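Bear in mind that the values here come from a model prediction, so they are computed numbers and not experimental data.
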Amino acid sequence: MIRAIHSFPRGFVWGTATAAHQVEGDNTNNDWWAWEQLPGRILQGHKSGKACDWWGGRWKEDLDRAAQSGQNAHRLSVEWSRIEPSPAVWDEAALDAYRQILRGARDRGLVPMVTLHHFTNPLWVAEQGGWLHADTVALFERFVRKVVPALQDLVDLWVTINEPNIYSARGYVTGEFPPGEKDVRKSLQVARNMVLGHAAAYHAIHAIQPQAQVGLAHQFRGFRPANPRNPLDRWVAQTRSNFVNALVPRAIHTGRLQSVFGSQRLPQAARTQDFFGLNYYTVERVAFDPGRAGQLFGRGFFPQDADLSPTGFIANEPEGLWDALTWAQSYGLPIYITENGVEDDGDQLRPRYLATHLRQVWRAVNFNWPVKGYFHWSLVDNFEWERGWTQRFGLWALDVATQARRKRRSADLYEAVCKANALSSEMVATYAPEVWEALFPGSPGG
Ligand code: FCB
């Protein structure tokens with residue numbers, strides 16, 4: 001019997017999120033494919049290969065799974081290197097394939113949200129300097145001006161660029177993403193060009209499709225000082241948060257790019273979001289480390305008692321999502337949680353991660369904050385960038401060799417939530433009993 005219920009507003013958007021390179025397979029013409037061929041770049045030498053074979057048609061069965069389990073939306077990305085394999089050469093067959101996928105999503109009752117740039121660049125863009133090069137802004141705009149007219153009858157929700165902060169940090173500070181640079185100033189230049197790319201795309205989309213809703217998917221990462229009484233630790237937390245969290249959203253709101261290196265005016269970027277796209281995974285502790293000038297004098301780690309994912313990538317910190325939402329709603333825009341999830345092959349942690357994070361989303365809607373939807377990362381296990389297949393984020397497990405899918409219990413929990421448009425104490429008692437008491441204090445029995 002249901003004893004307590006956290007209801008969501010009517011019409012709440014429930015979906016999962018994917019990205020082209022991670023699910024399609026055979027994306028041989030982009031910088032990630034090239035990166036995968038280099039020794040030592042991907043854990044255990046893994047390759048994206050056929051990925052989830054969406055390009056071979058398996059999107060159909062996966063979107064069936066999404067729709068049958070109560071979801072009403074899906075976030076996916078289109079692959080620039082397929083649509084524009086060489087400069088200004090357009091592959092109409094690739095655009096048609098995306099039209100089929102988007103039509104297929106809609107036929108299944110899944111509202112599509114389409115990301116135009118999710119980490120990958122065509123090889124020819126990468127070879128001419130990628131996002132470090134200011135010319136890429138215009139190249140991206142040209143791509144957007146081709147894609148949007150071709151897909152606009154099927155798509156109203158656009159995400160221009162996924163996580164400029166993570167892209168610029170991992171490609172240009174830590175060097176785990178291509179092109180593997182370690183130079184904070186270059187990463188700032190990349191972030192600047194991505195802000196300009198976003199702004200150009202925003203204006204282009206609205207010129208073509210005035211009623212479109214256009215945003216950017218921003219990853220908020222929590223930074224807490226390792227020792228809150230240590231001013232240097234506090235300084236690191238503040239500096240990191242400014243760099244990672246504040247820089248890009250502030251720039252596309254105010255038209256100013258402000259960092260420790262100074263301030264630049266980018267007036268064309270001001271007020272270029274119709275909604276706030278929020279990706280949230282975790283919170284880390286940070287400590288001052290004088291030996292790490294290249295990483296803004298900081299060292300990040302998870303505390304010993306953290307509720308960690310199997311490969312130690314994510315700590316279960318649901319309050320961090322609350323912090324993220326508190327900050328995001330200060331922009332006064334509708335909010336979509338465009339990604340949230342955890343890698344957990346054994347599905348031990350994911351049910352409680354999901355339940356406790358959805359509880360934070362419910363807190364926000366309960367305050368009438370304009371949270372419109374939630375996209376779980378991800379529908380099915382997919383290729384996790386430099387971590388290859390070692391991390392499993394899917395509600396469905398994937399056997400990469402056979403392409404077989406297996407439903408995890410978390411998918412059952414998410415299905416129950418989507419179908420009820422609510423998180424109930426009964427669901428939590430069934431799927432994540434260990435957090436039942438924390439979520440429903442004082443409720444009688446489970
Ligand atoms: C995000 C990426 C997404 C996926 C998740 C786990 O940073 O946007 O593609 O890799 O992390």
Side-chain angles (χ1 to χ4, degrees), residues 17 19-20 75-80 83-84 113-122 125 129-148 151-152 155-172 177 186-210 212-220 243-259 263-279 328 331-336 338-339:
R75 174 176 173 228
L76 55 83
S77 77
V78 291
E79 173 63 33
W80 187 357
I83 295 169
E84 192 180 4
M113 174 183 270
V114 173
T115 309
L116 291 156
H117 187 279
H118 196 127
F119 291 169
T120 55
N121 299 298
V125 171
W131 287 93
L132 199 51
H133 206 297
D135 289 355
T136 297
V137 174
L139 298 176
F140 182 60
E141 180 182 345
R142 184 176 67 185
F143 165 68
V144 171
R145 286 185 180 276
K146 179 73 187 179
V147 172
V148 174
L151 306 182
Q152 62 170 330
V155 183
D156 296 313
L157 285 170
W158 296 97
V159 169
T160 55
I161 302 182
N162 182 68
E163 297 183 347
N165 57 340
I166 301 299
Y167 177 90
S168 56
R170 305 196 87 183
Y172 296 84
F177 282 14
K186 283 186 180 167
S187 90
L188 196 64
Q189 182 67 14
V190 166
R192 172 188 184 274
N193 289 335
M194 284 190 141
V195 164
L196 293 174
H198 159 82
Y202 179 89
H203 295 302
I205 297 169
H206 275 295
I208 297 162
Q209 189 187 0
Q213 294 290 298
V214 186
L216 172 149
H218 182 73
Q219 186 179 139
F220 176 94
F243 210 75
V244 175
N245 295 325
L247 187 91
V248 171
R250 202 187 278 151
I252 65 178
H253 185 69
T254 63
R256 254 183 197 284
L257 192 76
Q258 282 172 296
S259 76
S263 172
Q264 294 175 43
R265 274 178 45 74
L266 308 173
Q268 64 274 52
R271 307 210 176 260
T272 52
Q273 279 191 118
D274 303 321
F275 63 86
F276 197 105
L278 178 66
N279 294 358
Y331 282 91
L333 296 167
I335 299 169
Y336 286 94
T338 34
E339 286 179 28

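- The closest donor-acceptor contact from the side chain of Asn193 to the backbone of Thr136 lies at 3.5 Å or more, if one exists at all.
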Exercise. Between Val78 and Ile83, does a side-chain contact (heavy atoms from CB on, under 4.5 Å) hold up when you go through it step by step?
Worked result: CA-CA 8 Å; Val78 291; Ile83 295 169; 4.0 Å; yes
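- Looking at Pro164 and Trp131, their side chains never come closer than 4.5 Å, going by heavy atoms from C-beta outward.
- Rounding to the nearest 0.5 angstrom, the gap separating the CG atom in Leu132 from the OG atom in Ser168 is 11.0 Å.
- Checked by atom type and distance alone, the side chain of His198 pairs as donor or acceptor with a backbone atom of Thr272 at under 3.5 Å.
- For Ala212 against His206, the heavy-atom pair with the smallest separation is O-CE1, 3.0 Å.
- The ring-ring contact (aromatic ring centres under 6.0 Å, His included) search around Tyr172 returns none, not counting sequence neighbours.
- Arg192 and Gln264 share a donor-acceptor pair across their side chains, judged by distance under 3.5 Å alone.
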Exercise. Step by step, would you call Met113 with Val159 a side-chain contact (heavy atoms from CB on, under 4.5 Å)?
Worked result: CA-CA 7 Å; Met113 174 183 270; Val159 169; 3.8 Å; yes
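- Taking the six-membered ring for Trp, Phe276 and Tyr336 have ring centres at least 6.0 Å apart.
- The distance from the CG atom of Leu216 to the OG1 atom of Thr160 is 4.5 Å, given to the nearest 0.5 Å.
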Exercise. Please walk me through it: do Val195 and Leu266 pass side-chain contact (heavy atoms from CB on, under 4.5 Å)?
Worked result: CA-CA 9 Å; Val195 164; Leu266 308 173; 3.9 Å; yes
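- Distance alone, capped at 3.5 Å, places no donor-acceptor pair between the His253 side chain and the Ala270 backbone.
- Checked by atom type, the side-chain pair Arg75/Asn162 shows a donor-acceptor distance below 3.5 Å.
- Residues Val248 and Leu257 fail the side-chain proximity criterion, which asks for heavy atoms closer than 4.5 Å.
- A perpendicular orientation is assigned to the rings of His117 and Tyr167, their planes being inclined by more than 60° (bins at 30° and 60°).
- With hydrogens and angles ignored, the 3.5 Å screen pairs a side-chain donor or acceptor of Thr338 with a backbone N or O of Leu278.
- Taken to the nearest 0.5 Å, the CD atom of Glu84 stands 9.5 Å off from the NZ atom of Lys146.
- With hydrogens and angles ignored, the 3.5 Å screen pairs a side-chain donor or acceptor of Asp274 with a backbone N or O of Val214.
- Minimum heavy-atom separation, Gln152 to Ile208: OE1-O, 3.6 Å.
- Proximity of a side-chain donor or acceptor of Asn279 to a complementary backbone N or O of Ala217 within less than 3.5 Å is not detected.
- Looking only at side-chain heavy atoms (C-beta outward), Val148 and Gln209 come within less than 4.5 Å of each other.
- Distance CG/Leu188 to CZ/Phe243: 5.0 Å, rounded to 0.5 Å.
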Problem set entry | Intermediate values then yes/no, side-chain contact (heavy atoms from CB on, under 4.5 Å), Val114 and Leu76 | CA-CA 5 Å; Val114 173; Leu76 55 83; 4.2 Å; yes
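- Aromatic ring centres of Trp80 and Phe140: separated by under 6.0 Å.
- Taking CG of Asn245 as the reference point, atom CZ of Arg250 lies at 10.5 Å (rounded to 0.5 Å).
- Between the NE2 atom in His218 and the CG atom in Asn165 there is a gap of 4.5 Å [rounded to 0.5 Å].
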